[in-house]
Amino acid sequence: MNMIDLLETSPVIAAVKNESGLENCLKTECRVVFLLFGTICDVADLVDRVKGAGKIAIVHVDLIQGLSSKEVAVDFIHRNTRADGIISTKSPIVKHAKELGMICIQRTFVVDSMALSTLKKQIESFHPDAIEIMPGVMPRVIQKIRQETELPLIAGGLLSDKKDIMAAFEAGADAVSTTREELWYV
């Protein structure tokens, strides 16, 4: 299944930042899980729990304690876990995951016009499978990025209610990621 099909069938991504969030997300219909916590010692077990529930496991490599911010972190995840993919703010890491055949998501914090320009260059350079725009409560920015690319767009961060989610979808987002458990059921 390609990324756009996956996001169409599961447009709300459960982003989990702790053990209780992981337990709760495994009971939802969310098919995609962003693991935003863990250590080099337990990341394989966390991924196995997600996979055991029949879900897609995407590891945020920047947030796994004990991993460096180098391409070797992706090698470790690829060789030692059953993760389907990675998410990172670091382009070389995302590019390396793509080279390994993993799902690769470029997370970007859109704080100014320079960040938008950098994102455009990243997209042209190596075409990640999806882009996560942070924060996700900027419909005009999502619209602008949608005009620039056909890559799947995920809106994440600061989404606080169903209205925020609907605004992101109306602006052109293909999916949303949220740690707010009550929004996993929207």
Side-chain angles (χ1 to χ4, degrees), residues 1-17 30-40 43-44 46-48 50-51 54-111 114-136 141-142 144-157 168 172-178:
M1 177 177 288
N2 70 30
M3 193 67 184
I4 195 69
D5 291 339
L6 179 61
L7 296 178
E8 282 179 6
T9 61
S10 187
V12 176
I13 298 167
V16 296
K17 58 185 176 180
C30 296
R31 290 192 54 213
V32 180
V33 176
F34 285 175
L35 286 170
L36 308 180
F37 77 105
T39 70
I40 195 169
V43 67
L46 297 172
V47 169
D48 283 345
V50 172
K51 299 297 290 176
K55 299 180 184 295
I56 304 294
I58 309 289
V59 175
H60 193 320
V61 294
D62 303 348
L63 301 179
I64 302 300
Q65 294 178 35
L67 290 180
S68 72
S69 58
K70 306 237 184 280
E71 290 88 349
V72 70
V74 178
D75 293 331
F76 177 84
I77 295 295
H78 187 253
R79 291 181 191 160
N80 296 291
T81 77
R82 297 187 307 140
D84 297 286
I86 64 97
I87 184 169
S88 177
T89 59
K90 296 164 180 66
S91 299
I93 289 175
V94 176
K95 184 178 179 184
H96 188 59
K98 185 166 185 84
E99 292 166 353
L100 294 176
M102 300 178 81
I103 294 171
C104 60
I105 301 172
Q106 177 73 51
R107 176 181 263 194
T108 188
F109 293 91
V110 184
V111 295
M114 193 155 59
L116 278 173
S117 177
T118 300
L119 176 61
K120 186 175 180 181
K121 290 175 188 170
Q122 291 168 338
I123 292 169
E124 292 169 355
S125 173
F126 63 90
H127 304 286
D129 293 312
I131 303 159
E132 184 182 31
I133 307 301
M134 303 287 282
V141 174
I142 294 169
K144 183 170 181 52
I145 295 169
R146 172 54 53 211
Q147 292 169 356
E148 299 283 331
T149 184
E150 290 297 315
L151 289 173
L153 295 179
I154 302 167
D174 296 293
V176 296
S177 69
T178 181

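Sequential numbering from 1 along the given sequence is applied to the chain's residues. Please read these numbers as outputs of a predicted model, since none were measured by experiment.
Considering only heavy atoms from C-beta on, I105 comes within 4.5 Å of M3 through its side chain. At a threshold of 4.5 Å between non-hydrogen side-chain atoms, the residues L119 and T149 do not count as touching. Side-chain atoms of I13 and I58, non-hydrogen and from C-beta on, never get closer than 4.5 Å to each other.
T108 contributes atom OG1, which lies 8.0 Å from atom CG of L116 (distance to the nearest 0.5 angstrom). Separating the OG1 atom in T39 from the CG atom in L63 is a distance of 13.0 Å, to the nearest 0.5 Å. Between the CD1 atom in I103 and the CG atom in N2 there is a gap of 10.0 Å [rounded to 0.5 Å]. For the atom pair OG1 (T81) and CG (D48), the distance works out to 8.0 Å, reported to the nearest 0.5 Å. To the nearest 0.5 Å, atoms NE2 (H60) and CZ (F37) are separated by 14.0 Å.
When atom types are taken as modelled, the side chain of S10 and the backbone of L6 share no donor-acceptor pair closer than 3.5 angstrom. A donor-acceptor pair under 3.5 Å is formed between the side chain of D174 and the backbone N or O of L153.
Nearest heavy atom pair, residue V94 against residue I86, reads CA-CD1, 4.0 Å. When every heavy atom of V59 is checked against every heavy atom of A83, the shortest pair comes out as CG2-CB, 3.8 Å. Between T89 and F109, the shortest heavy-atom distance links the atoms CG2-CE1, 3.7 Å. Among all heavy-atom pairs drawn from G38 and L46, the shortest one is CA-CD1, 3.8 Å. Counting all heavy atoms, side chain and backbone alike, F34 lies closest to I154 at CZ-CD1, 4.0 Å. The shortest heavy-atom contact between P152 and L7 is CB-CD1, 3.7 Å.
Shown here is K17, whose NZ atom has no more than 12 heavy atoms of other residues, nucleotides or ligands within 6.0 Å. Heavy atoms of other residues, nucleotides or ligands lying less than 6.0 angstrom from NZ of K98 number more than 12.
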Passes side-chain contact (heavy atoms from CB on, under 4.5 Å), D84 versus K51? Steps please.
-> CA-CA 9 Å; D84 297 286; K51 299 297 290 176; 2.9 Å; yes
Stepwise side-chain contact (heavy atoms from CB on, under 4.5 Å) check, V43 with L67 = CA-CA 10 Å; V43 67; L67 290 180; 5.8 Å; no
Pairs of donor and acceptor atoms involving the side chains of residues 68-80, under 3.5 Å and at least two apart or interchain, shall be tabulated with distances.
{"residue": "S68", "atom": "OG", "partner": "K70", "partner atom": "N", "Å": "3.4"}
{"residue": "D75", "atom": "OD1", "partner": "H96", "partner atom": "NE2", "Å": "2.6"}
{"residue": "N80", "atom": "ND2", "partner": "F76", "partner atom": "O", "Å": "3.1"}

Considering only distance and modelled atom types, tabulate donor-acceptor pairs under 3.5 Å from the side chains of residues 121-135, sequence neighbours left out.
{"residue": "Q122", "atom": "NE2", "partner": "S91", "partner atom": "OG", "Å": "2.5"}
{"residue": "H127", "atom": "ND1", "partner": "I123", "partner atom": "O", "Å": "3.1"}
{"residue": "D129", "atom": "OD2", "partner": "C104", "partner atom": "N", "Å": "2.8"}
{"residue": "E132", "atom": "OE1", "partner": "R107", "partner atom": "NE", "Å": "2.6"}
{"residue": "E132", "atom": "OE1", "partner": "R107", "partner atom": "NH2", "Å": "3.1"}
{"residue": "E132", "atom": "OE2", "partner": "S177", "partner atom": "OG", "Å": "2.3"}

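K120 pairs by the salt bridge (Lys or Arg N to Asp or Glu O under 4.0 Å) definition with E148, not counting sequence neighbours.
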